[in-house]
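One structure is given below, encoded as structure tokens.
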2 protein chains.
Amino acid sequence: MQLSNTSQYAIRMLAYMADKKDSPLINATELAKVLQIPYKFLTKIMTELVKADLVISMRGREGGYSLSKKASDIKVDDILNVFHDSIQEEQCVLGIGFCNGMCKCALHDQWMEPKLLLQKMFRESSLEDIAGKGCKI
Amino acid sequence: MQLSNTSQYAIRMLAYMADKKDSPLINATELAKVLQIPYKFLTKIMTELVKADLVISMRGREGGYSLSKKASDIKVDDILNVFHDSIQEEQCVLGIGFCNGMCKCALHDQWMEPKLLLQKMFRESSLEDIAGKGCKI
DNA sequence: TTTAATTACTACTTTAAGGTAGTATTAAAG
DNA sequence: CTTTAATACTACCTTAAAGTAGTAATTAAA
Ligand code: SF4
Ligand code: SF4
């Protein structure tokens, strides 16, 4: 019951970048070292974030990565969507069926509440919220 | 963000058994067919449930499985614990660190609420609650 | 006592996520 | 122009979960 490694890495990478919004470009070497994420895996993930238009990359010497928009405009859910790790509308807590409300077990209604809270949290929390709150992640 | 396949299967298997509390023993062949779970995988899972004392098994002809206690006494969380799929006390929503409340990101407090709800749900929901509510899972 | 039907055990295969290696491409610095 | 430092691409390796196969052990019916 937790996010994939890849999503976790992606969130931390982008949160770090949001935190260092003074630097126009941040490179993979720095990110890998500071966040303790394998360099090659990090660049692989970053390339996906570039393709998803959450990040802009500059190749070549003095290159690096930067957020494609304001930190407050990049929601956690946008990141999760890139890696298909977001909570779907009809997703069953047990992963058994898809909730249609027609025929339900006792857990169905109980699941609604935490599910809605999680969805809300992911959709409304931006990188700005996560970063720069005194605690580096 | 969902339970492992193994946990899902285990819950469905036990819920089905709870539902058929009239039959003293239920065998793997029936379970596999009705629940559409691979027979060999099902027996592997069931053996773990036997070792965890949630299920009693009878070998040999006319053998099968039965719940080791009343359906109302087997909680979903008991099943999740067998497969290390329960939500830990200090578990971080992002899977990044372990929440100690000392140094936290903005998601930390928001995570508390759905997490407590999920824990409560898993701990308080029994097989009796899931089974026999008109909807077979 | 033999046979059939069942669970238990051991070992293997498959799949997908996570991770690594090497090379190509790009662009600024010198 | 050449070098250097960066990202991008392709292909592979590793690990753990999921699933499969075959055989042993057990028990009741015949
Ligand atoms: S009724 Fe229960 S098992 Fe079925 S989709 Fe809803 S939560 Fe899942
Ligand atoms: S502060 Fe945020 S990242 Fe750190 S453990 Fe709590 S929820 Fe996770």
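Both backbone and side-chain heavy atoms feed into the values below; hydrogens, waters and symmetry mates do not. All figures in this text were calculated on a predicted structure; none of them were measured in a lab. By convention in this document, chain letters (A, B, ...) are assigned in the order of the sequence lines, proteins followed by strands, and residues within each chain are numbered from 1.
Residue-level contact check: B:F83 touches neither bases nor backbone, having no heavy atom under 4.0 Å from any strand. Backbone-only contact: B:Y65 has heavy atoms under 4.0 Å from sugar-phosphate atoms and none from a base. Counting non-hydrogen atoms under 4.0 angstrom, B:M46 reaches nothing in the nucleic acid. Residue A:T6 is in sugar-phosphate contact alone, with no base atom involved, counting any heavy-atom pair closer than 4.0 Å across all strands shown. Here A:T43 lies out of heavy-atom contact (under 4.0 Å) with every strand.
Straight-line distance from the CD1 atom of B:I45 to the P atom of D:dA17: 13 Å, rounded to whole Å. Rounded to an integer number of Å, the gap from CD of B:Q2 to P of D:dA18 is 11 Å. Straight-line distance from the OH atom of B:Y39 to the C1' atom of C:dT6: 7 Å, rounded to whole Å. Across the protein-nucleic acid pair, A:R12 atom CZ and C:dG18 atom P stand 14 Å apart, rounded to whole Å. For the pair B:N27 CG and D:dA28 C1', the interatomic distance rounds to 14 Å; values are reported in whole Å. One interatomic measurement links the two molecules: CZ of A:F41 to C1' of D:dT15, which rounds to 12 Å at whole-angstrom precision. The distance between atom CG of A:D85 and atom P of C:dA16, rounded to the nearest whole Å, is 16 Å. Spacing between atom CG of B:N5 and atom C1' of C:dA16 amounts to 12 Å, rounded to whole angstrom units.
With rounding to the nearest 0.5 angstrom, the OH atom of B:Y65 is 13.0 Å from the CG atom of B:L67.
Of the candidate nucleotides D:dA28, D:dT4, D:dA18, D:dT4 has the atom nearest to the side chain of A:R61.
A donor-acceptor contact under 3.5 Å is formed by the side chain of A:R59 with the base of C:dT25. Between the side chain of A:K40 and the base of C:dG18 there is no donor-acceptor pair of N/O atoms closer than 3.5 Å. Residue A:K44 places a side-chain atom within donor-acceptor reach of the base of C:dG19, judged by atom type and a 3.5 Å distance cut-off alone.
By the 4.5 Å side-chain criterion applied to Ile, Leu, Val, Met, Phe, Trp and Tyr, A:L117 is assigned to a cluster that also includes B:L117.
In terms of hydrophobic clustering, with Ile, Leu, Val, Met, Phe, Trp and Tyr side chains grouped at heavy-atom distances under 4.5 Å, B:I26 and B:M58 are assigned to different clusters.
Side-chain atoms of A:D85 do not come within 3.5 Å of backbone N or O of A:S7 as any donor-acceptor pair. Between the side chain of A:K115 and the backbone N or O of A:Q91, at least one donor-acceptor pair lies under 3.5 Å. Between the side chain of B:E48 and the backbone N or O of B:F83, no donor-acceptor pair lies under 3.5 Å. Side-chain atoms of B:D19 never come within 3.5 Å of backbone atoms of B:A15 as a donor-acceptor pair (strictly under, hydrogens ignored).
Ionic pairing of A:K120 and B:E113 is not present here: no N-O contact between side-chain nitrogen and carboxylate oxygen is shorter than 4.0 angstrom.
Within the structure, every side-chain polar atom (N or O) of B:S57 is placed at least 4.0 Å from both OP1 and OP2 of C:dT6.
Within a heavy-atom distance below 4.0 Å of DNA chain D, no residue of residues 47-54 of chain B is found.
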